[in-house]
2 protein chains.
Amino acid sequence: MQPEISDHIFYSFLTGGLCASSSTTSTTTTSSFYPFTIEDTISQEKALAAQRNHKEAERRRRERINSHLNKLRKLLSCNSKTDKATLLAKVVQRVKELKQETLEITDETLPSETDEISVLNSEDSSSYNEDGRIIFKVSFSCEDRPDLLQDLMETLESLQMETIFADLTTVGGRSRNVLVVAADKEHHGVESVQFLQNALKSLLERSSKSVMMGHGGGGGERLKRRRALDHIIMV
Amino acid sequence: MQPEISDHIFYSFLTGGLCASSSTTSTTTTSSFYPFTIEDTISQEKALAAQRNHKEAERRRRERINSHLNKLRKLLSCNSKTDKATLLAKVVQRVKELKQETLEITDETLPSETDEISVLNSEDSSSYNEDGRIIFKVSFSCEDRPDLLQDLMETLESLQMETIFADLTTVGGRSRNVLVVAADKEHHGVESVQFLQNALKSLLERSSKSVMMGHGGGGGERLKRRRALDHIIMV
DNA sequence: AATGACACGTGAGGC
DNA sequence: TGCCTCACGTGTCAT
């Protein structure tokens, strides 16, 4: 908080108002002999009013900005003493994170246009470990067919793998399946990724054979449909 | 961009340095007769240096803040002429949206601890319409069992409803099923919501019967497990 | 003492 | 012209 006095001193110094107009500054068209003419007084009052307006407008602007910054502090559950710069840096990071997060979720959930298979074992990418068991994450997209799920379960059963988590999404005739499966370490190692991949590949081949006829349209129709569904799902 | 000259004039005015120290400002302990002592010069240089440091530090601070603001402009694909205040308002809105979005997604996807049934017809909440068909959104959580899916499909088939979208998530012995189904308007109206709800209710009752024995543990164990799975899924 | 962060008032420039 | 936004330099408080 600044003392109000300094404001006025400062201002009158810069404008050269109250002291005199006899300095090197260009004199006004009204080159009166007397330092205080009516016009001078009026224009000075106007100038003062303008300056006051300006000052207050600027204050409001600052308040607006700071209020939004405070909202962001709350949203990021930041201490009220967090720097503006640091806060904004965190906001940038958070927005990036959230953006990618939702992207990944929809990407991982919705079927892709093309057939895809992905098999990961958890030891590759993270240190997750369950004693005596090895965990795989399986994800694939393909055309949907009535007995796809049953085939999948039989496949996993024949590989002696237990399904811990399953997310099966079907939309517009295509299916996206994400599974987390556990296998005994006696029978399986990291090389079992190959088994899984091959088993899934044959699954997809069966799938593409069985749907050879029936679907004539291309992907465009499906895309339109998916968008409509997105609308519903958001309800 | 301000002319540098005014800086120096302004500064020397405020410090009262170059002119005189005979003003009302408190004189220094060195009350020398001469206006320019060595100590004065030295302290003035120091003061000047300090002021310069201060000025530049403040400039850097501004640059830091503005750089983050520009990053946010890019992230929100805002025009570079967007107000700081407006930009920040949009950032606040965006963060809120994204937060709720991810929350809804995980909420809609993961099974809830308690059994739940929700049936909506799209005409209630949105204007979505498909000529000659009425669309329902079905969502329920229950204990998982081997023939749950088959029962569900049979139920829908018996109701003459076609599944447009299905998202089936199973984790830790519980199942979350979200379906969008379409029904012919000849056979179904908005009142069919009741049929669906009743059919699902019996489905869940069958489910809870079939799992009466087997699961002894409560929900705590499952929660732990789900958290571990979240870890995997994020890979 | 020195540094950093902030609010302030101001001039400049865009409509 | 007036209104609005911004960058700037400053005083001030806290660490």
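Computed from a predicted model, the values in this text were never measured in an experiment. A, B, ... follow the sequence lines: proteins, then strands. Residue 1 opens every chain.
Rounded to whole angstrom, the span from the CD atom of Glu58(A) across to the C1' atom of dA7(D) amounts to 10 Å. Atom CZ of Arg62(B) is separated from atom C1' of dA7(D) by 6 Å (rounded to the nearest Å). In this structure, the CZ atom of Arg60(B) is 12 Å from the P atom of dG9(D), given to the nearest Å. Atom C1' of nucleotide dC8(C) and atom CZ of Arg52(A) are separated by 17 Å, given to the nearest angstrom. Between the NZ atom of Lys55(A) and the P atom of dC4(D) there is a distance of 17 Å, rounded to whole Å. Atom NE2 in His54(A) sits roughly 10 Å away from atom P in dG9(C) (whole-Å rounding). Rounded to an integer number of Å, the gap from Glu56(A) CD to dT5(D) P is 15 Å. Taking atom CD of Gln51(A) as the reference point, atom C1' of dC8(C) lies 13 Å away to the nearest angstrom.
Using a 4.0 Å cut-off on heavy atoms, none of the residues of residues 74-92 of chain A approach DNA chain D. Within residues 63-73 of chain B, the residues that place at least one heavy atom under 4.0 Å from DNA chain D are, in residue-number order, Asn66(B).
Taken to the nearest 0.5 Å, the CG atom of Leu179(A) stands 13.5 Å off from the CZ atom of Phe136(A). Taken to the nearest 0.5 Å, the CZ atom of Arg176(A) stands 7.0 Å off from the CG atom of Asp107(A).
Within 6.0 Å of the NZ atom in Lys99(A), the count of heavy atoms belonging to other residues, nucleotides or ligands exceeds 12. For CD of Gln100(A), the number of neighbouring non-hydrogen atoms (other residues, nucleotides, ligands) closer than 6.0 Å is 12 at most.
Ranking dC6(D), dC8(D), dT10(D) by closeness to the Arg59(B) side chain, first place goes to dC8(D).
Glu56(B) and Arg59(B) are not joined by a salt bridge, as no carboxylate oxygen comes within less than 4.0 angstrom of a charged side-chain nitrogen. Ion pairing of Glu63(A) with Arg60(A) is absent here, as no side-chain N (NZ or NE/NH1/NH2) approaches a carboxylate O to less than 4.0 Å.
Side-chain contact between Ile135(A) and Met161(A): absent, with no pair of heavy atoms (C-beta onward) separated by less than 4.5 Å. Counting heavy atoms from C-beta on, the side chains of Ile164(B) and Arg133(B) come closer than 4.5 Å. Annotation: side chain of Thr169(A) is in contact with side chain of Phe165(B) (closest heavy-atom distance under 4.5 Å).
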